[in-house]
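Single-structure report; data block below.
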Amino acid sequence: MKRTILLALLGVVAVILTAVVAGMVFNGSKPKQPDVLVSSSPKPEISKTKSQYTDALKLAKDWEQNAALERVYRKFSGTLDAAKTPLVFSFASLAQPKNVFNVSILKNDTSTDTVAKQPFELQLTPIDVSQWEVDPDHALKVAEDDGGQTFREAHLAGYSLLQQLSQVGSHPLQWYFRYDTGDSSKKRYEIWINATTGTVDTKKETP
């Protein structure tokens, strides 16, 4: 009888020890995180865009190993057809302070070029991709709904639109939209959207 009880107790101890060891293994050191960030967001569109960023970064690393994302942009002229407008990932490097490396992606087509850095780019800081949760198309919809469409429809004779993701100084990561008329009015409508929350930070119209 005592022998049976002892064996039962030993069995319980063995089960407990097994559970403890398994817990230690499960909660052990975490695997190394990848160098390229892939969004954990459940939103499929930002995941798709960040996948494009991953592909673009690989090409930029071939250009300069320390390349960092400086801005992401699209330029529209007279139409908002995103299907025909490439999304450009622009990278900067301390090794080439006067140049930027652009990766343009349109559907399944990818092209690259190296161009001279523009003066305004000197104030840009490397983008913290972990803060990027709003995809280009959603950001465009927010801008359109918050005055962009009204501005365009008032200037159908011609307009251009710059959509740009960038980070300046201590400002949060933002999508910037600059609507310009192509007529004699020369008016401009600008809107800044928080690239993490999707909310409008500020907007203004200038003559």
Side-chain angles (χ1 to χ4, degrees), residues 30-143 160-178 192-198:
K30 295 181 180 180
K32 182 180 178 182
Q33 296 298 310
D35 293 332
V36 177
L37 175 67
V38 177
S39 174
S40 60
S41 170
K43 301 175 183 177
E45 291 306 318
I46 189 60
S47 296
K48 175 184 175 182
T49 305
K50 285 192 175 182
S51 178
Q52 293 176 321
Y53 157 71
T54 298
D55 294 338
L57 181 60
K58 292 177 182 177
L59 296 173
K61 293 292 185 182
D62 290 337
W63 169 63
E64 289 293 348
Q65 189 58 39
N66 66 345
L69 185 63
E70 178 181 78
R71 66 181 180 130
V72 181
Y73 67 91
R74 295 191 293 197
K75 291 182 177 180
F76 300 94
S77 181
T79 178
L80 291 188
D81 191 349
K84 297 181 180 179
T85 306
L87 183 66
V88 182
F89 296 83
S90 186
F91 296 87
S93 168
L94 293 176
Q96 294 199 37
K98 295 183 179 180
N99 297 320
V100 293
F101 181 78
N102 292 328
V103 179
S104 301
I105 299 178
L106 181 61
K107 295 182 180 179
N108 295 323
D109 296 328
T110 300
S111 62
T112 65
D113 65 341
T114 303
V115 298
K117 179 174 287 190
Q118 301 179 60
F120 78 87
E121 293 179 288
L122 297 175
Q123 62 181 330
L124 302 181
T125 59
I127 289 175
D128 181 356
V129 183
S130 68
Q131 300 299 311
W132 185 11
E133 293 297 334
V134 179
D135 68 88
D137 290 341
H138 180 72
L140 178 58
K141 184 179 185 306
V142 173
S160 62
L161 169 60
L162 168 67
Q163 174 183 6
Q164 175 177 288
L165 176 75
S166 60
Q167 198 150 6
V168 182
S170 60
H171 291 285
L173 182 64
Q174 294 174 313
W175 278 108
Y176 167 66
F177 290 84
R178 187 186 70 207
W192 289 261
I193 298 170
N194 189 297
T196 303
T197 65

Taking the side chain as everything from C-beta on, heavy atoms only, tell me whether Q174 gets closer than 4.5 Å to Y176. no
Hey, what's the ring geometry for W132 with Y53, parallel, tilted or perpendicular (30° and 60° as the breaks)? perpendicular
When you measure from the side chain of K117 to the backbone of A92, do you find a donor-acceptor pair of N or O atoms at a distance under 3.5 Å? no
Just verifying a value: how many Å separate I105 CD1 and L87 CG, rounded to the nearest 0.5 Å? 6.5 Å
Side chain to side chain, T125 and V168, heavy atoms closer than 4.5 Å: no
In sequence, state the C-alpha distance, the side-chain angles, and the governing distance for D128 and L173, and then conclude on side chain to side chain contact (heavy atoms under 4.5 Å, CB included). CA-CA 8 Å; D128 181 356; L173 182 64; 5.9 Å; no
Main chain of D81, side chain of T85: is a donor-acceptor contact present, judged purely on distance under 3.5 Å? yes
Before you tell me yes or no, could you show the steps for R74 and L140 under side chain to side chain contact (heavy atoms under 4.5 Å, CB included), namely the whole-Å CA-CA distance, both residues' side-chain angles and the distance that decides it to 0.1 Å? CA-CA 10 Å; R74 295 191 293 197; L140 178 58; 4.0 Å; yes
Heavy-atom distance under 4.5 Å between the side chains of T54 and K50, does that happen here? no
Within-4.5 Å side-chain heavy-atom neighbours: T110 and V103: yes
Taking all non-hydrogen atoms of both residues, which atom of L106 and which atom of A82 are closest, and how far apart? CD1-O, 4.2 Å
List the steps, then state whether side chain to side chain contact (heavy atoms under 4.5 Å, CB included) holds for F101 with L59. CA-CA 9 Å; F101 181 78; L59 296 173; 4.2 Å; yes
Can you check whether T49 reaches P136 side chain to side chain, under 4.5 Å on heavy atoms? yes
Using side-chain heavy atoms (C-beta onward) and a distance below 4.5 Å, is L57 in contact with F91? yes
For a quick test of reading the model, state the closest non-hydrogen atom pair linking A116 to N99 and the distance between them. CA-OD1, 3.8 Å
Does any non-hydrogen side-chain atom of V100 lie less than 4.5 Å from one of V115? yes
Apply side chain to side chain contact (heavy atoms under 4.5 Å, CB included) to I193 and Q163, showing your working. CA-CA 11 Å; I193 298 170; Q163 174 183 6; over 6 Å; no
Heavy-atom closest pair, residues S166 and L124: CB-CD2, 3.9 Å
Spacing of CG belonging to N194 relative to CH2 belonging to W175, to within rounding of 0.5 Å: 12.5 Å
Distance col, row L162:CG vs R71:CZ, nearest 0.5 angstrom, shows 7.0 Å
Under 3.5 Å, is there a donor-acceptor pair between the side chain of T196 and the main chain of Q131? yes
To the nearest 0.5 Å, atom CD1 of I46 lies from atom OG of S51 at 11.0 Å
Taking Q96 for its side chain and S93 for its backbone only, find out whether a donor-acceptor pair lies under 3.5 Å. no
Just wondering, more than 12 heavy atoms not from L122 lying within 6.0 Å of its CG? yes
Starting at NZ of K98, measure out to CD of E121 and round the result to the nearest 0.5 Å. 15.0 Å
Under the 3.5 angstrom rule, does the side chain of S90 hit a backbone N or O of E70 as a donor-acceptor pair? no
Which pair of non-hydrogen atoms, one from V88 and one from S104, has the smallest distance, and what is that distance? CG2-OG, 3.6 Å
